[in-house]
Q: 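Quick one: the structure is below, and I'll ask about it shortly.
Throughout, numbering of the chain's residues begins at 1 and tracks the sequence.
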Amino acid sequence: MADGSITKRCGCRKDGKRLGAQCPKLRRGNGWNPHHGTWRYQLELPVDAAGDRRQLRRTGFDTREEAADERDHARTLLDLAGRDEVLRRQIADLLQACKPNQPLPDTDHVARRIRAEVPSDNRLTLGEYLAEWIKGRTKLAPATRRSYQDHIDKYWTPHLGQVVLQELGVAHIESVFATIDARNAEILTAKASPVKEVRDAVKGIRTVGDASQRRILATLRKALNDARRLYRHKLVEHNPAESVELKSGRPPRPRLWTDVAVNRWRRTGQRPSPVMVWTPAQVGEFLDFAEAEDPELYALFDLAVHRGPRRGELCGLHDYDVDLEAAAITITSQRTSVGYKIVEKAVKSAAGDRVVDLSDESVTSLRRYLFRRAAWKVVAGDAWVNGDIFFVRQRDGQPWHPETVTGRFDRLVERSGLPPVRFHDLRHVAATLMLATGATIKEIQDTLGHSSYTLTADTYTSVLAELKKTTAEATTKLIPRRNRPKAAYCEREHVVGEGRGEPTPCLPMRHGSDRVQPVH
């Protein structure tokens, strides 16, 4: 029995009892009937931890040779442990855990695990491994840790948490993204529903975009790379996440709020791009509105518009970072939030550590702010908190929470009637203003603190093209004309807005007659 036995049996019954190896149909003459019954083997395994005997029994083989090959494979695996009884017991545990239709572990795989001093009977699930992995990543930045944890909690553990780590394959991972795509389709369908209750059910729920899906995959890919490469893991032989292909997930390029785009937005509520940029005229309108409606944060908004610091860099700006005599600010740190918890840290790259020059107008704006801040301190009295943060709240001198700044900005934009932009888009606004004045891409890169020239150039190519078009139109209008050519309009009245009929250009136009006629 130490070498194992091989037998042939069938499922035939007589008088309600299995015949097993006694079935007369199993034999044909002096040999076995190849068309009846299946082969099986039985192998004595090392005793378990309690000292009880156990056996490996596997059945369903078409030929005796197949049964003998797998039995010998199991014996080879046990022999890898040599005389180490603990290791032999672990390998026996691994063999006994194999499901009936599951192949036995690969010999090279078990041998490598033994050399790496990893328990050969390890049956970690993906959920268990990810929980241990994120716990051991002690040097992650808070925002990165939160991102990893969110991906694990929302996608990987719920969908694949029970899959054994070593059995995880490409198909498992692709099924998660198929589920995400299906949910995205449900959300979009509901948002477009004519039924208000259906639309309300998904109000505020966002789809998971291509870029987000790539980040979700990157979390798993990093975790599995650690499982494969790090000496303390070496739990998998390959990383299936590296073989999963997703859409490129390129971030959307900024687009300018041209008159056509604004008119379409007012009619339909649709934005040409998730990232939109105001024109210089719209910027001026916003700053005028902000100065009148929110003088407490006006200087911060003004600096964001003209020089483009990030929100965290503005909220983390110190008094000693602002040199109004030299007309410059030094950006070395940022004050951000992770899950609404404040995190103060250095800027994320060497390029972000920079000195940004200020215009005379920006210097004047900041001087006025300092004058107001001094008055706020007198009024607040003992409630005022003395610190070194530059932009603070009027009532108590406390630094601004970054999320509060964004909320105030969003409400201002909505009340102003201007087309919407995000607070982060003010960086793009600053770049657009610099482009309009003829600044080079390199100057914009240095001012915004981009780590790559290519990133800056790729980001603002589309804005530059639209800006040139806008400039061309403005230049044409500067020239006085007695009979300026007018756009051809369709004689049919189009309904625009709430019951308002306004003539709208109808393009393309058909020529070939005495009149220019619209093509409907």
Side-chain angles (χ1 to χ4, degrees), residues 253-266 271-273 275-311 313-314 317 322 324 327-329 356-372 391 405-440 443-444 447-448 459-460 462-479:
R253 292 186 175 183
R255 296 287 303 277
L256 207 61
W257 273 119
T258 60
D259 290 342
V260 172
V262 173
N263 289 336
R264 184 188 179 203
W265 167 71
R266 295 196 188 284
R271 303 167 60 163
S273 169
V275 182
M276 296 302 296
V277 180
W278 284 326
T279 63
Q282 292 161 346
V283 173
E285 187 176 342
F286 169 76
L287 289 178
D288 288 340
F289 187 82
E291 188 173 22
E293 299 294 323
D294 196 346
E296 191 176 10
L297 275 172
Y298 167 73
L300 185 148
F301 295 146
D302 181 76
L303 187 56
V305 160
H306 286 103
R307 298 281 80 188
R310 299 173 178 87
R311 183 187 67 175
E313 294 169 346
L314 287 165
L317 200 65
V322 181
L324 297 184
I329 59 174
V356 178
D357 294 328
L358 303 176
S359 68
D360 290 342
E361 187 174 321
S362 293
V363 170
T364 300
S365 172
L366 295 179
R367 288 191 188 281
R368 289 175 177 170
Y369 164 74
L370 288 176
F371 180 80
R372 288 195 297 271
F391 290 112
V405 173
T406 297
R408 291 270 283 263
F409 172 79
D410 290 342
R411 288 190 290 273
L412 270 178
V413 173
E414 184 176 3
R415 288 164 49 205
S416 71
L418 288 164
V421 299
R422 306 169 304 164
F423 186 89
H424 187 75
D425 293 339
L426 296 184
R427 282 171 61 76
H428 305 313
V429 168
T432 303
L433 295 175
M434 286 186 273
L435 284 171
T437 59
T440 65
E443 290 173 312
I444 296 172
T447 301
L448 298 184
T459 301
Y460 297 111
S462 57
V463 176
L464 182 59
E466 289 185 280
L467 196 60
K468 286 181 177 178
K469 175 65 176 175
T470 303
T471 303
E473 295 288 350
T475 303
T476 301
K477 292 176 181 178
L478 284 175
I479 303 173

Q: Could you go step by step and tell me if L324 and L370 meet the side chain to side chain contact (heavy atoms under 4.5 Å, CB included) rule?
A: CA-CA 11 Å; L324 297 184; L370 288 176; 3.8 Å; yes
Q: For residues 412-421, which residue pairs pass the side-chain hydrogen bond (donor to acceptor under 3.5 Å, both in side chains) check, not counting sequence neighbours?
A: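 The answer is E293-R415.
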Q: Under the salt bridge (Lys or Arg N to Asp or Glu O under 4.0 Å) definition, can you give me all pairs with a residue in residues 423-432, not counting sequence neighbours?
A: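 Those involving residues 423-432 are R422-D425.
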Q: According to side-chain hydrogen bond (donor to acceptor under 3.5 Å, both in side chains), who are the partners of T440, at least two apart in sequence or on a separate chain?
A: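 Per chain and number, T440 pairs via side-chain hydrogen bond (donor to acceptor under 3.5 Å, both in side chains) with E443.
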Q: What residues, two or more places apart in sequence or in another chain, satisfy side chain to side chain contact (heavy atoms under 4.5 Å, CB included) together with A261?
A: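 A261 satisfies side chain to side chain contact (heavy atoms under 4.5 Å, CB included) with W257, T258, P272 only.
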Q: For F301 and A290, which heavy atoms make the closest approach, and how far apart are they?
A: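 Smallest heavy-atom distance, with atoms named: CD1-CB, 4.3 Å.
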Q: Quick one, F423 with L314, criterion side chain to side chain contact (heavy atoms under 4.5 Å, CB included). Give me CA distance, side-chain angles, the key distance, then yes/no.
A: CA-CA 12 Å; F423 186 89; L314 287 165; 4.0 Å; yes
Q: I'd like to know if the side chain of W278 reaches the main chain of G284, judged simply by a donor and an acceptor atom lying under 3.5 Å from each other, with no hydrogens or angles considered.
A: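 Side chain of W278 to backbone of G284, a donor-acceptor pair under 3.5 Å: no, none is there.
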Q: Please lay out, stage by stage, how V262 and Q282 fare under the test side chain to side chain contact (heavy atoms under 4.5 Å, CB included).
A: CA-CA 11 Å; V262 173; Q282 292 161 346; 3.6 Å; yes
Q: Any side-chain heavy atom of L303 sitting closer than 4.5 Å to one from L358?
A: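 Heavy-atom side-chain distance check passes, below 4.5 Å.
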Q: Is there a side-chain contact between T437 and L433, using heavy atoms and a 4.5 Å cut-off?
A: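 No, side chains not in contact.
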Q: Nearest 0.5 Å please: distance from the CZ atom of F409 over to the CG atom of L297.
A: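 Reported to 0.5 Å precision, the distance equals 11.5 Å.
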Q: For P295, check side chain to side chain contact (heavy atoms under 4.5 Å, CB included) against everything at least two apart and list the hits.
A: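 Once residues adjacent in sequence are excluded, P295 has no partner under the side chain to side chain contact (heavy atoms under 4.5 Å, CB included) criterion.
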Q: Ring pair (Phe, Tyr, Trp, His ring centres under 6.0 Å) with F289: which residues, sequence neighbours excluded?
A: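 In terms of ring pair (Phe, Tyr, Trp, His ring centres under 6.0 Å), with neighbours along the sequence ignored, F289 is linked to no residue.
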Q: Using side-chain hydrogen bond (donor to acceptor under 3.5 Å, both in side chains) as the criterion, list what pairs up with T447, not counting sequence neighbours.
A: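 In terms of side-chain hydrogen bond (donor to acceptor under 3.5 Å, both in side chains), with neighbours along the sequence ignored, T447 is linked to no residue.
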Q: Taking only residues two or more places apart in sequence or in another chain, which ones pass salt bridge (charged side-chain N to carboxylate O under 4.0 Å, His left out) with R307?
A: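 In terms of salt bridge (charged side-chain N to carboxylate O under 4.0 Å, His left out), with neighbours along the sequence ignored, R307 is linked to no residue.
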Q: Distance-only, no hydrogens or angles: does the N263 side chain make a donor-acceptor pair with backbone N or O of D259 under 3.5 Å?
A: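 Present.
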Q: Does the T432 side chain pair with the main chain of P280, one donor and one acceptor, at a distance under 3.5 Å?
A: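 Checking the backbone N and O of P280 against the side chain of T432, no donor-acceptor pair under 3.5 Å is found.
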Q: How would you list, by chain and number, every residue that makes a salt bridge (charged side-chain N to carboxylate O under 4.0 Å, His left out) with R367, sequence neighbours excluded?
A: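 Once residues adjacent in sequence are excluded, the partners of R367 under the salt bridge (charged side-chain N to carboxylate O under 4.0 Å, His left out) criterion are E325.
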Q: For R411, check side chain to side chain contact (heavy atoms under 4.5 Å, CB included) against everything at least two apart and list the hits.
A: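 R411: side chain to side chain contact (heavy atoms under 4.5 Å, CB included) contacts with R408.
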Q: Mark yes when over 12 heavy atoms from residues, nucleotides or ligands other than R368 sit less than 6.0 Å from its CZ; otherwise mark no.
A: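 Check fails, neighbour count at 12 or below.
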Q: Partners of L287 by side chain to side chain contact (heavy atoms under 4.5 Å, CB included), sequence neighbours excluded?
A: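 Here the qualifying residues are V283, Y298, D302, V305, H306.
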Q: Minimum heavy-atom separation for V421 to M276, with atom names?
A: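 Looking at all heavy atoms of both residues, the shortest contact is CG1-O, 3.3 Å.
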Q: Is there side-chain contact between V405 and F391, with heavy atoms separated by less than 4.5 Å?
A: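 Contact flag for V405/F391 side chains = no.
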Q: Please list all pairs passing the salt bridge (Lys or Arg N to Asp or Glu O under 4.0 Å) test where one or both residues lie in residues 356-365, with sequence neighbours left out.
A: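 Qualifying pairs: none.
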